[in-house]
Amino acid sequence: MELHPVLSGLISELLPDILNSLKPSKVFILVDEHTEEHCLPVLTKVYSLRPKSPYLSDLSEDQIITFPAGELHKTLQTVSDVWSLLIEQKADRHALVINLGGGVVTDLGGYAAGCYKRGIRFLHIPTTVLGMVDAALGGKTGIDHAGIKNSVGLFRMPEVVLTDVQFLTTLPARELRSGMAEMYKHALIHDRAHWDELKLKPELTATLITKSQQVKLEIVKKDPYEQGIRAALNFGHSVGHAIESLLLETNAPLLHGEAIAVGMICEAYLSERLCGLAKEAVLDIEKTLLDVYGHTSLTGKQKENIVSLVANDKKNLRGTIRMSLLHEIGTPALSIQVKDTEINEAVERYLALG
Ligand code: GLY
């Protein structure tokens, strides 16, 4: 599977050329309620201001597909609604879906397009930090099912990913911070110097985003189907996804990156226990991430459920729990077998940090 290109710059300059080269029979733009309000106007403007071409004729309302925002809507029901609309609008196999949004929109939109008529083309325009540095890159698409995050999905590459940092100006500070968790993760698994740079809490710039994108692209290029090194990108996600799922339907849900930050702290402890990560590095990770993300409390019941959720993770093998951990900051450890009791200890350790 060939890795998609990533182009960065102004969407008003990037999109017309892409549409003229892809020559879609019809374009559909998938948004959630937030990106419909804050980001779609940027695309509408591109369509209205550019010299017209067959691929930039005025957008009509029936080309915009909107669904409610949030992880709770990353479901088969939403995908089914998207398919129904595509059928209603007579989308053929040469149609193109533009996924304009954060990770929920790009994961779900890629999956919907990837299955429709056995796969139509799609491109991503990520509008969040998390989308730009992680979710939109590398061809993982999918939905949550039966309470398990990303449990159904496809590997399917977008035609291209277009990154325009102007979209980040529409985001609240909490969202920006959440997205940066994946940047910390990229640094921890691949680049010690980048970790030291991020620890200084620099202003989020296009250059930093590009640097983080490069880590992910380098890894996915080597292993698009996650047979080996790509699994390093799951650091923090085994425990993090479990915590995200557990809190999803409470009145204090965590954003994805916030849950991954908790996961990275727990998995740093497991890395010390199982892979020789130095104590000093664990303390460094704990301090840095707690400074940025604060501490999350869990009830006794929630704590008990973490292990069973981790046991459902896609990364597991023949009934054993497997995690991507760290040997050192900058060096991942893949497919490490972890016991239930060790996960409990890691969560206890995290709770004691509060
Ligand atoms: N988000 C992890 C990966 O794309 O492999």
Side-chain angles (χ1 to χ4, degrees), residues 129-130 133-134 173-174 176-204 208 211-212 215 231-244 246-247 254-298 302-303 306-307 310 315 321-354:
V129 181
L130 186 139
V133 302
D134 188 20
R174 185 178 168 196
L176 288 172
R177 213 170 31 238
S178 165
M180 284 191 73
E182 301 291 357
M183 299 175 65
Y184 286 109
K185 178 198 76 182
H186 287 163
L188 284 172
I189 62 170
H190 192 74
D191 189 344
R192 161 104 233 182
H194 189 40
W195 169 252
D196 291 335
E197 181 180 21
L198 290 178
K199 276 189 341 193
L200 301 173
K201 300 199 181 73
E203 202 189 317
L204 187 60
L208 271 186
K211 193 162 190 176
S212 204
V215 173
L233 292 162
N234 295 325
F235 174 63
H237 284 62
S238 297
V239 178
H241 272 169
I243 289 173
E244 187 181 5
L246 276 175
L247 298 184
L254 288 183
L255 296 178
H256 175 74
E258 294 168 338
I260 296 315
V262 180
M264 286 192 282
I265 294 176
C266 293
E267 294 180 24
Y269 169 86
L270 292 169
S271 301
E272 180 193 1
R273 189 90 160 55
L274 303 168
C275 309
L277 181 66
K279 178 85 194 161
E280 182 185 274
V282 178
L283 296 175
D284 182 12
I285 294 169
E286 287 175 351
K287 181 176 177 330
T288 305
L289 297 179
L290 285 172
D291 268 4
V292 178
Y293 296 97
H295 187 268
T296 300
S297 319
L298 297 171
Q302 285 165 342
K303 201 185 73 184
I306 289 179
V307 172
V310 173
K315 299 172 273 302
I321 295 177
R322 301 287 168 148
M323 289 191 194
S324 300
L325 300 174
L326 300 175
H327 286 303
E328 298 173 22
I329 292 181
T331 312
L334 301 183
S335 199
I336 304 299
Q337 188 168 344
V338 183
K339 298 196 192 84
D340 294 11
T341 47
E342 291 158 345
I343 299 171
N344 279 326
E345 270 170 41
V347 175
E348 291 289 356
R349 156 87 191 163
Y350 173 78
L351 292 175
L353 294 170

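This one's a predicted model, so the numbers in the text were calculated from it and none came from an experiment.
- Between Y184 and W195, the ring planes are perpendicular. Angles over 60° get that label, and only those under 30° would be called parallel.
- Rounded to the nearest 0.5 angstrom, N344 CG and D340 CG are separated by 7.0 Å.
- A 4.5 Å side-chain heavy-atom check between L208 and E197 finds at least one atom pair inside the cut-off.
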Assess the residue pair E258 and R174 against the criterion (salt bridge (charged side-chain N to carboxylate O under 4.0 Å, His left out)); give the C-alpha distance rounded to whole Å, side-chain angles, the decisive distance to 0.1 Å, and a yes or no. CA-CA 9 Å; E258 294 168 338; R174 185 178 168 196; 2.6 Å; yes
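- Counting only heavy atoms from C-beta outward, the side chains of V239 and V262 never approach each other to under 4.5 Å.
- Heavy-atom minimum distance, M323 versus S238: CG-OG, 3.6 Å.
- With sequence neighbours left out, the ring pair (Phe, Tyr, Trp, His ring centres under 6.0 Å) criterion links Y293 to no other residue.
- Of all heavy-atom pairs between M183 and L198, the closest is O-CD1, 3.5 Å.
- Of the possible polar contacts, one joining the S324 side chain to the A231 backbone as a donor-acceptor pair under 3.5 Å is found.
- Between the CD1 atom of I260 and the CG atom of L255 there is a distance of 11.5 Å, given to the nearest 0.5 Å.
- Here the shortest heavy-atom pairing between E342 and Y269 reads O-CE2, 4.4 Å.
- At a threshold of 4.5 Å between non-hydrogen side-chain atoms, the residues L298 and L247 count as touching.
- The two residues H327 and A333 come nearest to each other via the heavy atoms NE2-CB, 3.4 Å.
- Defined by atom type and a distance below 3.5 Å, a donor-acceptor pair is missing between the side-chain atoms of E244 and H237.
- If you take OG1 on T341 and CD on E348, they are separated by 12.0 Å, rounding to the nearest 0.5 Å.
- Side-chain contact between H295 and Y350 is present, with heavy atoms from C-beta onward closer than 4.5 Å.
- Nearest approach of L325 to S271, heavy atoms of both residues: CB-OG, 3.3 Å.
- Remark: H194 NE2 to D196 CG distance equals 11.0 Å, nearest 0.5 Å.
- Within the 4.5 Å cutoff, side-chain heavy atoms of E182 are placed close to those of H256.
- Rounding to the nearest 0.5 angstrom, the gap separating the NE2 atom in H190 from the CG atom in L233 is 10.0 Å.
- Going from atom CG of L353 over to atom CG of L290 covers 5.5 Å, rounded to the nearest 0.5 Å.
- Considering only heavy atoms from C-beta on, L277 comes within 4.5 Å of I285 through its side chain.
- A salt bridge does not link K211 to D191: none of the charged side-chain nitrogens sits closer than 4.0 Å to a carboxylate oxygen.
- Contact record, K303 with L351: CD-CD1, 3.5 Å, taken as the closest heavy-atom pair.
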